[in-house]
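First comes the structure, then the notes that go with it.
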Number of protein chains: 2
Amino acid sequence: MIGLNEVARAAGVSPATASRALHRPELVALRTRERVEQAAAELGYRPNVLARGLRTRGSRTIGLIVTDILNPFHATIAKGVQDTAEAQGYTVLMFNSDEQPGKERRALETLHGHLPMGLIVVPTAQTRENLAIVDGLPTVELDRASGKEGAHTVMVDNVAGAREAVTHLTELGHRRIGMIAGQQDISTARERLQGYREALELAGLPYDDHLVLPGNHREPDGRLAALRLLSKRLPPTALFVGNNEMTVGAVLAARELGLDIPRELSIIGFDDSRWAQTMSPALSVVSQPAYALGQLACQHLLSVIAGQPMPESVRLPTQFIQRQSTGPVMTVQA
Amino acid sequence: MIGLNEVARAAGVSPATASRALHRPELVALRTRERVEQAAAELGYRPNVLARGLRTRGSRTIGLIVTDILNPFHATIAKGVQDTAEAQGYTVLMFNSDEQPGKERRALETLHGHLPMGLIVVPTAQTRENLAIVDGLPTVELDRASGKEGAHTVMVDNVAGAREAVTHLTELGHRRIGMIAGQQDISTARERLQGYREALELAGLPYDDHLVLPGNHREPDGRLAALRLLSKRLPPTALFVGNNEMTVGAVLAARELGLDIPRELSIIGFDDSRWAQTMSPALSVVSQPAYALGQLACQHLLSVIAGQPMPESVRLPTQFIQRQSTGPVMTVQA
DNA sequence: GTGAAAGCGCTAACAC
DNA sequence: GTGTTAGCGCTTTCAC
């Protein structure tokens, strides 16, 4: 490996000067700086970030923990984070928690050993406790809030997004609207349920516990919950589903039951995707700016790292996109 | 940060012994080892991998460069790699090349500074040259071959997969079968085209240049290529598409043209996905074991790192899955 | 079986 | 503006 020593020798300066020339050009005479830069380029010098990190107690590295990289929403978030970090010269160490607090813990432990300068995390149910592992590390919680005091969060306005979607349904005349909600220990799921309740209230409809089923955010759970809701004697005429994966399951369930969408059942999902756009009928959704969410979280984190005062919580708006999966309620069957 | 010094002091031994106790237990008396381990656990000791890496010239880190993390195929591969690496105590540094050799170069340069022990890369068109940056680093090429001499590769049998799919079409009676091929500087695309040709030959059909269009592996290109092929005076009655993203474009194109699948047009895509499974009609595909591919590449790499002799090239089989997007050729129109 | 000492490559403090 | 020196936390000779 070509080290700074070689570069310094080739440029006829001391290693310290070579380091300054590369890292703090303003402290060095223009001439020497040029010599060093040229030598570095010729030798193909690449800084050893391990040595640098050891010395400065912090590599230009940030951690990213998502709950499911196979979920396109998370993959998009990850790309937003990575692109932004890379543009600023940061390297991202990415981990998957698979929604499991234990995996999150291990990820945090591994990360800790890498002396990262910051962390972006999509929290699990135990993030508040787990974050003790990286105590003092600048952290931004993304998409969900762990509930930790004073944590920085970047999220969408889930309440408004859900309210808008469900209001769309009430305005179409639906009065029995089911919801497949996420696990209630996740802030996002709570907020979406809250929006659902608010929309019902606005429409003067009662909240009916039996029409709301939990789900663990994955496809099979969405399917099972939908099957249960739709098999009731008096099934809902519309379904609002709390995340993208469960929506797939719900649509599959509707197909299994031979229900025509939207004639016999209206469905709205949370989070847009290519699948939602191209399935037939195309799915009405509450769309989230996933990429922007990742970008913003990363910028936010870098600002916090830089010591700039930052607002604790940032909310991005969602957008309701009406497609073909929602329609007026059928005239009541005898 | 709790360092090895603190642990050593707490255990009443020297740092050197503490290091040995944790890393080479057999060199240390059982009693002292226990004391050290207990001290480490109590203090919550986490090794500083930067310091260790600096000292041993190589962190327990491997690099992974994929061409598009938003493509579910690549996301799945990444998960396979990560899960496997993590199980062996390795940390993955993941980068996105977006198919751009320039981004790949920068990723390799960044990676180099982290002193990784190995690299898994989904090659771009210039990987052969770019790999000079990490000269000597154990490397496994995944999904595609860069053409570098003696490189380790883990791929699927693209020729057989394509041949099988196209043979399915010829057996259904199709005689004008179009192909949307990937860029021919990518080995995978060349091999799939090769399989297409072999299938035609097996069926005694001539190879017609006009029925084969290139594409840059992304959705819009697939759409445009399909539109061009299907707008011919004598359009193909079936389409074989070289990757998953382009297949989406091709299906959208068919819809735009109002073509009924499979009555008026049969389509087969390469690589399965949830989209392919749930779109209607469900898509017949050549399915690839994406997760296993990632796992295998990682195992292979770790073996190479460990100095075990390894075969240069590994091929996994594909599997043709017939769904509803393929059917017998329509009786010829006047 | 254990400790002392050196050094991985780099940068910050302190001279000059 | 530049060089000298020291040390980040760890592992690894080399003694004992």
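Lettering of chains follows the sequences in order, A, B, ..., and the numbering in each one begins at 1. Side chains are part of it too, since the values below use all heavy atoms of this structure and drop only hydrogens, waters and symmetry mates. Everything quoted here is computed from the prediction, not taken from an experiment.
- Applying the 4.0 Å criterion to OP1 and OP2 of D:dG3, one finds that A:T17 has a side-chain N or O inside that range.
- One can place CZ of B:R24 at 17 Å from P of D:dC10, the figure rounded to the nearest angstrom.
- Between B:R52 and C:dC8, a side-chain N or O to OP1/OP2 separation shorter than 4.0 Å is absent.
- Atom pair B:L4:CG and D:dG9:P shows a separation of 11 Å (rounding to whole Å applied).
- A:S19 has no side-chain polar atom (N or O) that falls below the 4.0 Å cut-off from OP1 or OP2 of C:dA12.
- Panel note: side chain B:R60, backbone B:Q88; a donor-acceptor pair is recorded below 3.5 Å.
- The residue A:L50 sits apart from the nucleic acid: no heavy atom pair falls under 4.0 Å.
- Here D:dC10 presents its P atom at 12 Å from CG of B:L54, a figure rounded to the nearest Å.
- One atom, CG of A:N48, and another, P of C:dG7, lie 18 Å apart when rounded to the nearest Å.
- In this structure, A:H114 atom NE2 and D:dC10 atom C1' are separated by 15 Å, rounded to whole Å.
- Here the P atom of nucleotide C:dT11 and the CZ atom of A:R60 are 12 Å apart, to the nearest Å.
- Dashed line: the shortest gap from a side-chain N or O of B:Y45 to OP1 or OP2 of D:dG9 is not under 4.0 Å.
- For B:N5 and D:dG7, the CG to P distance is 13 Å, given to the nearest whole Å.
- Counting non-hydrogen atoms under 4.0 angstrom, B:A16 reaches a base of the nucleic acid.
- Distances from the side chain of B:R55 to the nucleotides C:dC8, D:dA6, C:dG3 place C:dC8 closest.
- No more than 12 heavy atoms of other residues, nucleotides or ligands shown are found within 6.0 angstrom of CD on B:E149.
- Within 6.0 Å of CZ on B:R105 lie no more than 12 heavy atoms contributed by other residues, nucleotides or ligands.
- The residues A:E141 and A:K148 are annotated as not salt-bridged, no charged nitrogen and carboxylate oxygen being separated by less than 4.0 angstrom.
- Closest approach of B:A18 to B:L4, counting heavy atoms only: CB-CD1, 3.9 Å.
- Within the 4.0 Å cut-off from OP1 or OP2 of D:dG1, not a single side-chain nitrogen or oxygen of A:R31 is found.
- Per the geometry, CZ belonging to B:R46 stands 15 Å off C1' belonging to D:dG9, to the nearest Å.
- Toward the 5' end of DNA chain C, the nearer of the two residues B:V13 and B:T56, judged by each one's closest nucleotide, is B:V13.
- For B:T32, counting side-chain heavy atoms from C-beta on, the closest listed nucleotide (D:dT2, D:dC10, C:dT2) is C:dT2.
- Judged by distance alone with a 3.5 Å cut-off, a donor-acceptor contact links the side chain of B:R20 to the base of C:dG3.
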